[in-house]
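What follows is a single structure, written as structure tokens, with notes after it.
Protein chains get the first letters and strands the later ones, always in sequence-line order, with residue 1 at the start of each.
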There are 2 protein chains.
Amino acid sequence: MAKALSNEQIAVAEEAFIRYLRSQQIKYTKPRRAILRAALGLPVHFDAEQLLALLHQAGERVAKATIYRTLPLLVDSGILKQVRLSDNQAHYEHILEDAPHDHMVCRRCGRIIEFESRRVEQLRDQIARENDFRAVSHRFGISGYCATCAKSQPADEMQQGGNRRV
Amino acid sequence: MAKALSNEQIAVAEEAFIRYLRSQQIKYTKPRRAILRAALGLPVHFDAEQLLALLHQAGERVAKATIYRTLPLLVDSGILKQVRLSDNQAHYEHILEDAPHDHMVCRRCGRIIEFESRRVEQLRDQIARENDFRAVSHRFGISGYCATCAKSQPADEMQQGGNRRV
DNA sequence: CTCAGTGCAAACGGTTTGCATTCCA
DNA sequence: TGGAATGCAAACCGTTTGCACTGAG
């Protein structure tokens, strides 16, 4: 899930991006292409800062503002998805051909485990139906401890902050 | 679910707060009492700004910083729960005797519908087990349209931003 | 050519922090 | 009365915006 993208995948994404931009009569500029490439070159989950860093490191002179202006385009074009892994900052993830999924985040090491959300969607739609609500999307995050971290610390420590962070 | 609290409920909460503070050797001060009272006097869901407004309106001179320093105490003492109803701002909700629940938020009118989370917890624990993960808590938010808003607008409008906001 | 897009820097807004003063335990 | 808690204002930090310049179509 964190492997590098093939050239084909990149080409497909770029094509999709261009198609979307055309449909909206938005220009495909050099910075936008650089941002797209950089986003695809990052791990599946990343934030704006990492994107900026990668661009600078690649010698691209792209302003922070341009990144923030471009990320929504990548989301709307279906290439990225905005996810909220932390409370204070937006993270993004590649969509690609991946099945819809949600996340578990380890409170200790920050490890992210994805799981497919078929059952979550099912439950979501059922609950929405019961409440006369039309569900469009959901956000489901599980917080806890991964196997490694659960093993290496006392059980009582694992409850602390249980009220604090949800 | 949004009704005023009885004096008994307030007393119980205050007692719990004091007990918690004592256990942590933290002082029970006048500002902290005022913040507790104000928090309980607000609707079930509120944010720091509303809390500050209510305090000022009540003639209490409490600094914003004190509010931000006190809210975590109220969360840790089990009186409030931090919930993330919007992306940019923390909201809090009363815990009281309420059963654990999650939220549906209408994209159009902002209406919040709560639903008990027994089934969500069940699914969460099952998924965690399958992934060798020890779940401590979860966050589940459904985004969509309430019955009223779903009725009063064209269906195509309801998809827009479907990628954008999760 | 023309106007959307960009870079830059300043603004924004929720939250946090440094520090002198206040006040519980 | 000593150290925690407070008020105030400034700092923070992710994100947004205003504006003059640049470049895609």
Side-chain angles (χ1 to χ4, degrees), chain A residues 14 17-39 45-56 58-77 80 82-92 164-165, chain B residues 14 17-39 45-53 55-56 58-77 80 82-92 164-166:
Chain A
E14 185 164 15
F17 191 34
I18 293 175
R19 207 179 316 121
Y20 168 77
L21 294 179
R22 286 237 177 84
S23 78
Q24 303 296 317
Q25 311 193 107
I26 297 174
K27 292 174 183 167
Y28 189 47
T29 62
K30 195 183 317 180
R32 300 222 241 248
R33 176 167 51 247
I35 291 170
L36 167 65
R37 300 271 170 156
H45 298 97
F46 64 90
D47 58 29
E49 193 181 1
Q50 293 172 279
L51 193 45
L52 184 63
L54 181 55
L55 283 163
H56 281 174
E60 299 279 356
R61 199 176 87 285
V62 178
K64 206 188 301 181
T66 303
I67 293 195
Y68 280 107
R69 285 189 277 234
T70 301
L71 281 169
L73 299 178
L74 289 168
V75 170
D76 285 344
S77 66
L80 298 182
Q82 197 188 53
V83 293
R84 221 73 196 185
L85 297 176
S86 80
D87 275 348
N88 43 325
Q89 191 173 157
H91 285 77
Y92 294 85
R164 196 67 154 271
R165 290 241 151 274
Chain B
E14 185 164 15
F17 191 35
I18 293 175
R19 206 178 319 119
Y20 167 76
L21 294 178
R22 285 237 178 82
S23 78
Q24 303 296 319
Q25 310 192 111
I26 296 174
K27 292 174 182 166
Y28 189 47
T29 62
K30 196 183 317 179
R32 299 223 242 246
R33 176 165 53 249
I35 290 169
L36 168 65
R37 300 271 171 157
H45 298 96
F46 64 92
D47 57 30
E49 193 182 2
Q50 293 173 281
L51 193 45
L52 183 63
L55 283 163
H56 282 172
E60 300 277 357
R61 200 176 85 287
V62 178
K64 206 187 302 181
T66 304
I67 294 196
Y68 280 106
R69 285 189 276 235
T70 301
L71 281 169
L73 299 178
L74 289 168
V75 170
D76 285 345
S77 67
L80 298 182
Q82 198 189 55
V83 292
R84 221 73 195 187
L85 298 176
S86 79
D87 276 345
N88 43 325
Q89 190 173 158
H91 284 77
Y92 295 85
R164 197 68 153 269
R165 291 241 149 275
V166 180

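Atom-to-atom, CG of Asp87(B) to C1' of dC12(C) comes out at 17 Å; the value is rounded to the nearest Å. Atom CD in Gln24(B) sits roughly 15 Å away from atom P in dA25(C) (whole-Å rounding). Rounded to a whole Å, the NE2 atom of His56(A) is 12 Å from the C1' atom of dC8(C). Arg33(A) places its CZ atom 15 Å from the P atom of dG5(C), with the value rounded to the nearest Å. For the pair Leu21(A) CG and dA24(D) P, the computed distance is 14 Å after rounding to whole Å.
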Could you run through nucleotides 3-16 of chain D and give me one letter per nucleotide, 5' to 3': B if any protein heavy atom sits under 4.0 Å from the base, S if only the sugar-phosphate is that close, - if neither? BSSBBB-----SBB
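Shown here for Lys27(A) and Arg32(A), the closest heavy-atom pair between the two residues is O-NE, 3.0 Å.
For the residue pair Tyr28(B)/Glu14(B), the side-chain donor-acceptor check at 3.5 Å is satisfied.
To the nearest 0.5 Å, the span separating CD on Gln50(B) from NE2 on His45(B) amounts to 11.0 Å. Ile35(B) CD1 to Thr29(B) OG1: the interatomic distance, rounded to the nearest 0.5 Å, is 7.5 Å.
Contact of the Gln24(A) side chain with the Leu73(A) side chain is not registered, since no non-hydrogen atoms from C-beta on lie closer than 4.5 Å. You'll find the side chain of Ile18(B) reaches within 4.5 Å of the side chain of Arg22(B), heavy atoms only.
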